[in-house]
Amino acid sequence: MITILGPTASGKTQLAVHLAAKCSGEIISADSRQVYVGMDLGTGKDLKEYSLNGKNTPYHLIDIKQAGYEYNVFEFQQDFLKSYQQIESKGNTPIFCGGTGLYLSAVLNRYDLQEVPQNEKLREDLKEKPSEELVEMLKSMTSLHNQTDITERERLIRALEIQIYRKENPHNKIFPEIKNTCFGILFERNLLRERITQRLSQRLQDGMIEEVENLLSQGIKSEKLLFYGLEYKYVTLFLQKEISYEQMFTLLNTAIHQFAKRQMTWFRRMERQGLKINWIEGTLPLEGKLQQIMLHLKQDHNFKSL
RNA sequence: GGCGUCGUAGCUCAGUUGGUAGAGCAGAGGACUGAAAAUCCUUGUGUCACUGGUUCGAUUCCAGUCGAUGCCA
């Protein structure tokens with residue numbers, strides 16, 4: 001498998017599609033927001049980009065859930081495997097492409113996740129208990145690393161449900177090891193910020209406000225959109241008249257810059273954990289990037305056929 | 001032109017009854033295996049506009065200069 005990762009606005013999709021054309025590739029997206037139907041401009045889901053000279057590059061894990069749904073890493077890991085096996089069986093090259101660090105890691109670091117069914121009785125029992133007690137219970141079973149686990153009762157209970165189930169039902173399925181060569185697109189921070197700002201203006205011109213209005217009019221709860229973050233959060237706040245257009249632009253722009261930074265933090269962490277990322281300078285023209293990748297792959301015994 | 005107010009970290013500002021200063025935002029680094037575009041943690045030395053004066057000592061008081069702003073003419 002070939003992995004293409006990078007922060008937002010680094011041009012991953014374009015590179016992946018062109019690469020796919022060279023090696024009968026199919027793209028598996030690693031993007032936690034492009035899975036949703038109707039969330040297009042705000043997620044940078046440009047489906048037109050997948051067709052090159054009239055040829056369509058198959059893509060997976062895009063538009064697979066309705067907006068408003070709460071997709072998660074476990075489902076992603078499962079869905080990834082299905083797509084991966086399907087591509088393998090056709091003899092095509094899987095190209096894993098995206099910027100959601102957690103999803104990339106779930107596959108590349110072979111996270112141990114298992115299906116945990118809902119336990120109505122447990123939920124009923126836990127309903128009575130105060131949140132503090134539930135937090136203590138959870139703490140005794142696993143390390144907490146963020147607030148989203150415990151601020152909402154529903155999620156807190158789900159977290160406990162998972163821990164309890166796993167304790168009682170150890171499984172022996174291991175996520176398969178996938179031979180993988182990883183490339184990352186690298187931009188100097190200031191340049192990336194400029195690209196993000198420019199792209200944001202473009203998205204607004206292209207109708208991003210209307211896209212969010214549309215989602216709201218379809219009955220998708222504003223709380224969901226606020227949680228989806230970035231474009232969906234700030235445009236919703238604007239539509240709710242919580243912030244002005246100017247504020248929306250400034251705050252959103254900054255939020256995307258910060259997001260890109262967090263993505264880079266995650267990628268560096270993946271490297272520290274042992275993943276070899278072959279960084280490609282983002283300012284190189286597309287052809288140069290492809291050349292660099294092909295050269296690297298030819299030296300790689302996994303890709304002799306290229 | 002006269003009178004007043006202001007000029008402090010990249011930005012918005014606080015403060016020092018005279019002993020060289022601190023918040024928010026931005027920025028930087030990091031954590032993160034079940035909503036991850038989420039969530040959370042760490043991180044603040046800057047000719048306190050400039051030039052003089054008073055003082056043991058001034059960013060703080062005084063005078064002047066420059067800049068901003070308000071009112072009056």
Side-chain angles (χ1 to χ4, degrees), chain A residues 6-9 12 29-36 39-45 65-80 98-119 138 141-166 171 174-175 189-190 192-193 196-197 199-200 203 208 212 220-221 223-236 247 250-273:
Chain A
T8 189
K12 298 180 288 291
S29 157
D31 189 307
S32 68
R33 301 286 119 111
Q34 290 193 8
V35 297
Y36 299 113
M39 289 168 59
D40 303 334
L41 281 166
T43 64
K45 185 201 296 168
K65 295 289 169 191
Q66 290 307 307
Y69 183 81
E70 288 172 12
Y71 194 62
N72 63 57
V73 221
F74 169 70
E75 285 189 61
F76 176 80
Q77 206 194 31
Q78 300 262 296
D79 291 338
F80 167 88
T100 301
L102 181 72
Y103 288 7
L104 291 163
S105 289
V107 168
L108 301 179
N109 288 341
R110 306 165 67 199
Y111 281 4
D112 176 25
L113 303 169
Q114 74 185 88
E115 182 146 27
V116 178
Q118 292 186 11
N119 182 339
L138 188 61
M141 283 186 271
T142 181
S143 58
L144 303 182
H145 38 260
N146 66 49
Q147 292 297 115
T148 40
D149 284 339
I150 55 175
T151 44
E152 276 193 43
R153 271 192 77 85
E154 229 176 90
R155 301 199 58 214
L156 179 56
I157 289 173
R158 176 61 181 161
L160 275 163
E161 190 173 58
I162 289 165
Q163 291 308 320
I164 292 168
Y165 182 87
R166 291 188 59 132
H171 74 151
I174 306 172
F175 193 82
R189 189 72 61 84
N190 282 320
L192 187 68
R193 272 203 282 264
I196 288 169
T197 304
R199 189 186 61 174
L200 177 56
R203 285 180 178 182
M208 198 164 75
V212 177
I220 290 154
K221 292 261 184 309
E223 302 89 76
K224 294 282 181 193
L225 295 179
L226 290 171
F227 197 90
Y228 283 148
L230 300 187
E231 311 14 42
Y232 298 96
K233 174 179 172 181
Y234 289 97
V235 173
T236 299
Q247 278 177 307
T250 315
L251 294 173
L252 173 54
N253 197 222
T254 304
I256 304 171
H257 293 172
Q258 292 170 335
F259 168 57
K261 180 187 150 166
R262 262 179 280 132
Q263 287 180 298
M264 287 309 296
T265 301
W266 189 284
F267 300 146
R268 275 183 235 121
R269 173 181 185 248
M270 290 173 87
E271 286 185 294
R272 246 178 277 127
Q273 291 174 340

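Within every chain, numbering begins at 1; the chains are lettered A, B, ... in the order of the sequence lines, protein sequences first and strands thereafter.
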Exercise. Do any N or O atoms from the side chain of A:Arg110 and from the backbone of A:Phe175 form a donor-acceptor pair under 3.5 angstrom?
Worked result: yes
For this session: Could you let me know what B:G57 is paired to, Watson-Crick or G-U wobble, both distances under 3.5 Å, or none if it's on its own?
Result: none
Problem set entry | Watson-Crick or G-U counterpart of B:A26, or none if no pair lies under 3.5 Å | none
Problem set entry | Any-strand Watson-Crick or G-U partner of B:A21, both distances under 3.5 Å | none
For this session: Have a look at A:Asn109 and say if it touches a base, only the backbone sugar-phosphate, or nothing, with a 4.0 Å heavy-atom cut-off.
Result: nothing
For this session: Taking A:Gln34 for its side chain and A:Ser29 for its backbone only, find out whether a donor-acceptor pair lies under 3.5 Å.
Result: no
Exercise. In whole angstroms, how far is the C1' atom of B:C32 from the CG atom of A:Leu113?
Worked result: 14 Å
Seminar exercise, completed: From CZ of A:Phe80 across to P of B:U33 the rounded distance in Å is 18 Å
Problem set entry | Inter-nucleotide C1' distance (B:G67, B:U8), Å rounded | 16 Å
Exercise. Hey, does the Lys NZ or Arg CZ of A:Lys65 hover above the aromatic six-ring of A:Tyr69, less than 6.0 Å from the centre and inside 45° of the axis?
Worked result: yes
For this session: Using Watson-Crick or G-U wobble geometry with both distances below 3.5 Å, tell me the partner of B:U16, or none.
Result: none
Problem set entry | Working for salt bridge (Lys or Arg N to Asp or Glu O under 4.0 Å), residues A:Arg166 and A:Asp112 | CA-CA 11 Å; A:Arg166 291 188 59 132; A:Asp112 176 25; 2.9 Å; yes
For this session: Provide the distance between the two C1' atoms, one in B:G57 and one in B:C11, to the nearest whole Å.
Result: 33 Å
Exercise. Checking side chain to side chain donor-acceptor pair (under 3.5 Å) for the pair A:Arg33/A:Thr100: CA distance, chi angles, key distance, verdict?
Worked result: CA-CA 9 Å; A:Arg33 301 286 119 111; A:Thr100 301; over 6 Å; no
Seminar exercise, completed: Checking N1-N3 plus N6-O4 or O6-N4 for Watson-Crick, or N1-O2 and O6-N3 for wobble, each under 3.5 Å, the partner of B:A63 is B:U51
Problem set entry | Validation row, ring centre A:Tyr36 to ring centre A:Tyr228 under 6.0 Å | yes
Seminar exercise, completed: Per atom distances to the A:Leu102 side chain, the nearest of B:A36, B:A38, B:G34 is B:A36
Could you list, one pair per line, each protein nitrogen or oxygen that sits under 3.5 Å from a nitrogen or oxygen of nucleotides 27-31 of chain B, together with the distance?
residue: B:G27; atom: OP2; partner: A:Gln258; partner atom: NE2; Å: 2.9
residue: B:A28; atom: OP1; partner: A:Arg189; partner atom: NH1; Å: 2.7
residue: B:A28; atom: OP1; partner: A:Arg193; partner atom: NH1; Å: 3.3
residue: B:A28; atom: N7; partner: A:Lys261; partner atom: NZ; Å: 2.8
residue: B:G29; atom: OP2; partner: A:Arg189; partner atom: NH1; Å: 3.2
residue: B:G29; atom: OP2; partner: A:Arg189; partner atom: NH2; Å: 3.2
residue: B:G29; atom: N7; partner: A:Lys261; partner atom: NZ; Å: 2.9
residue: B:G30; atom: OP1; partner: A:Arg268; partner atom: NH1; Å: 3.4
residue: B:G30; atom: OP1; partner: A:Arg272; partner atom: NH2; Å: 3.3
residue: B:G30; atom: OP2; partner: A:Arg268; partner atom: NH1; Å: 2.1
residue: B:A31; atom: OP1; partner: A:Arg272; partner atom: NH1; Å: 2.8

Problem set entry | Atom P, compared across B:U42 and B:U59: separation rounded to whole Å | 34 Å
Exercise. Using atom C1' of each nucleotide, how far apart are B:G18 and B:C3 to the nearest Å?
Worked result: 29 Å
Exercise. Sub-3.5 Å donor-acceptor pair from the side chain of A:Arg193 to the main-chain atoms of A:His257, do we have one?
Worked result: no
For this session: List the steps, then state whether salt bridge (Lys or Arg N to Asp or Glu O under 4.0 Å) holds for A:Glu70 with A:Lys224.
Result: CA-CA 9 Å; A:Glu70 288 172 12; A:Lys224 294 282 181 193; 2.5 Å; yes
For this session: Would you indicate which nucleotide in B:A37, B:G34, B:A36 comes nearest to any side-chain atom of A:Val73?
Result: B:G34
Exercise. Please give, in whole Å, the distance from B:G34 C1' to A:Lys65 NZ?
Worked result: 14 Å
For this session: Please figure out whether A:Lys233 or A:Arg166 has its closest RNA chain B nucleotide nearer the 5' end.
Result: A:Arg166
Problem set entry | Over 12 foreign heavy atoms within 6.0 Å of CD, A:Glu154 | no
For this session: Starting at atom OH of A:Tyr36, determine the distance to atom P of B:A37, rounded to an integer number of angstrom.
Result: 10 Å
Exercise. Reckon A:Tyr111 touches a base, only the sugar-phosphate, or nothing at all at heavy-atom distances under 4.0 Å?
Worked result: base
For this session: Starting at atom CZ of A:Phe74, determine the distance to atom P of B:U33, rounded to an integer number of angstrom.
Result: 17 Å
Exercise. Heavy atoms under 4.0 Å, any strand shown: does A:Gln114 hit a base, just sugar-phosphate, or nothing?
Worked result: base
Problem set entry | Watson-Crick/G-U partner (both atom distances under 3.5 Å) of B:C32 | none
Problem set entry | Span that lies between the C1' atom of B:A58 and that of B:U17, in whole angstrom | 14 Å
Problem set entry | Pair assignment for B:U69, Watson-Crick or G-U wobble, requiring both distances under 3.5 Å | B:G4
For this session: Please state the P separation for the pair B:A49 and B:U43 - nearest whole angstrom.
Result: 28 Å
Problem set entry | d(CE, A:Met270; C1', B:U33) in whole Å | 13 Å
Problem set entry | Intermediate values then yes/no, salt bridge (Lys or Arg N to Asp or Glu O under 4.0 Å), A:Arg268 and A:Glu271 | CA-CA 5 Å; A:Arg268 275 183 235 121; A:Glu271 286 185 294; over 6 Å; no
For this session: Just call it for A:Tyr103: base, sugar-phosphate, or nothing, with non-hydrogen atoms closer than 4.0 Å on any strand.
Result: sugar-phosphate
For this session: Let me know the distance between CZ of A:Phe227 and C1' of B:A37, rounded to the nearest Å.
Result: 10 Å
Exercise. Under 4.0 Å between a side-chain N or O of A:Thr100 and OP1 or OP2 of B:A36?
Worked result: no
Exercise. Taking the P atom of each, how far is B:A21 from B:G34, in whole Å?
Worked result: 46 Å
For this session: Starting from P on B:A38, measure out to CD on A:Gln34 and report it in whole angstrom.
Result: 15 Å
Exercise. Say you pick atom C1' in B:G70 and the same atom in B:A26; how far apart are they, in whole Å?
Worked result: 30 Å
